[in-house]
Amino acid sequence: MRSTKIFTITILLILCMSLIPTASAHRCFVEQFSGDEIIVKAFYEGDAPMGLAEYQILNADTEELLYEGETDEDGFLSFAPVEGVTQYHVVVDQFGHKGDAIVNATGGNNKPVELPLFMRIFTGFGYLMGLAGIAMVYTSKKGNN
Amino acid sequence: MHISDGVLSPAVIAFGWIVSIIFIAFAFKMAQKQGSIAEQIPKLSVFTAAFFVASLIHINVPPTSVHLILNGLLGVVLGALAYPAMFIGLVLQALLFQHGGITTIGINSFNVGVPALICYAVFRKGSGMGLSKPAIGGICGGLAILLTTVFLAITLITAGEQFEMMAKLVVIPHMLIMVIETIVTASVVAYLAKVKPELLPLNKEDKK
């Protein structure tokens, strides 16, 4: 009886851990840090660095390749600004996980606006419940026929 | 485990989709033979939801980051239906979290789905031989991660990645996930075997 309770608590803990809203996604981000020499950090959600990842710096307007190389262990890369280029397309790839961003030569990057993480989690649960509902209706109708 | 768009060759992407469609059709056919799919839907939904959020739990292993997958657990609990469950989970992860690409959903499903099916076969065989269910479940949890990392490494090597880099950035960091998923899968299987053994996809003879 006692061991059943312990198991129940363990399962509940695992489920709670899964639903922690501050949990971090395994998604890649690229963000500009500072000015003259352009320094960029590549990281996963939750600030885990994309260390030793391959990167490419492209002219955002023409997609011409300007630089390529490997980030350092902390996920940083840097490059000298190229005359006449105002926006850079930075692409970082670590074992198939790809992150990219448009970085301005004057500082800052263009981030798309999106739903908060917990909203996206609940949206996913909503889709799953909808799919389960459709499947149940379909199978029960099939059973009746 | 979430390969992005634009990394793999069209041949590998096509292979992933073709094999995934075949496996999904096979999974539903097999599930139908074993009993009513309607009865499986609540269990299928709960474990798909667990898989969907599992990739949000990540651990920093410098210079990279790894996350839970739970494909071994899904294989052990859902049997053949683990493959379509993870396919749905990967579609939602790609659309809502931008984890992985859209074109690569097929090969990403293959990389996590086939180890889950192998673990289902191992779990059935082990249970049939009278081995402890939590022990064999735990082994399956770890084995699924090992196989997934090997499949992922092979997939990326086809895209021109170096073997050494794959070992350093993919296989070694996932050792930690192997240990965690061994414990998680063993705990869940132990719980289910004790409280609701009919949830485990075993024949009546295997359950004895």
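In the text below, chain A, chain B and the rest are named by the order of the sequence lines, each starting its count at 1.
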*Asks:* Do you know which of B:Val61, B:Ile3, B:Ile59, B:Asp5 has the most heavy-atom pairs under 4.5 Å to chain A?
*Replies:* B:Ile3
*Asks:* Name, in order of residue number, those residues of residues 7-27 of chain B that have a heavy atom at a distance of less than 4.5 Å from a heavy atom in chain A; otherwise write 'none'.
*Replies:* B:Val7
*Asks:* Of the options B:Ile136, B:Val76, B:Leu200, which is the one that meets B:Ser127 in a side chain to side chain contact (heavy atoms under 4.5 Å, CB included)?
*Replies:* B:Ile136
*Asks:* Parallel under 30°, tilted from 30 to 60°, perpendicular over 60°: which one fits the rings of B:Phe97 and B:His99?
*Replies:* tilted
*Asks:* With a 4.5 Å heavy-atom cut-off (strictly below), which parts of residues 80-94 of chain B touch chain A? List them by number.
*Replies:* B:Ile88, B:Leu92
*Asks:* Any idea which of A:Asp74, A:Leu131, A:Thr123, A:Leu128 has the most non-hydrogen atom pairs under 4.5 angstrom with chain B?
*Replies:* A:Leu128
*Asks:* Within a reach of under 6.0 Å around OH of A:Tyr127, are more than 12 heavy atoms found that belong to other residues, nucleotides or ligands?
*Replies:* no
*Asks:* Kindly give the heavy-atom pair with the smallest separation between A:Met136 and B:Ile41, and that separation in Å.
*Replies:* N-CD1, 3.7 Å
*Asks:* Using a 6.0 Å cut-off, check whether atom CD of A:Glu54 has over 12 heavy atoms from anything other than its own residue.
*Replies:* no
*Asks:* Tell me, please, which residues at least two apart from B:Thr148 pass side chain to side chain donor-acceptor pair (under 3.5 Å).
*Replies:* B:Asn71
*Asks:* Any chance the side chains of B:Thr149 and B:His174 put a donor and an acceptor closer than 3.5 Å?
*Replies:* no
*Asks:* Using only heavy-atom distances, determine whether the side chains of B:Asn108 and B:His2 contain a donor-acceptor pair under 3.5 Å.
*Replies:* no
*Asks:* Under 4.5 Å heavy-atom distance to chain A, tell me which part of B:Glu39 shows up: side chain, backbone, both or neither.
*Replies:* neither
*Asks:* If I compare all heavy atoms of B:Val189 with all of B:Lys133, which pair ends up nearest, and what's the gap?
*Replies:* CG1-O, 3.4 Å
*Asks:* Mind checking side chain to side chain donor-acceptor pair (under 3.5 Å) for A:Asp72 and listing every partner two or more places apart, or none if nothing turns up?
*Replies:* none
*Asks:* Determine, using ring centers only, whether A:Tyr67 and A:Tyr55 are less than 6.0 Å apart.
*Replies:* no
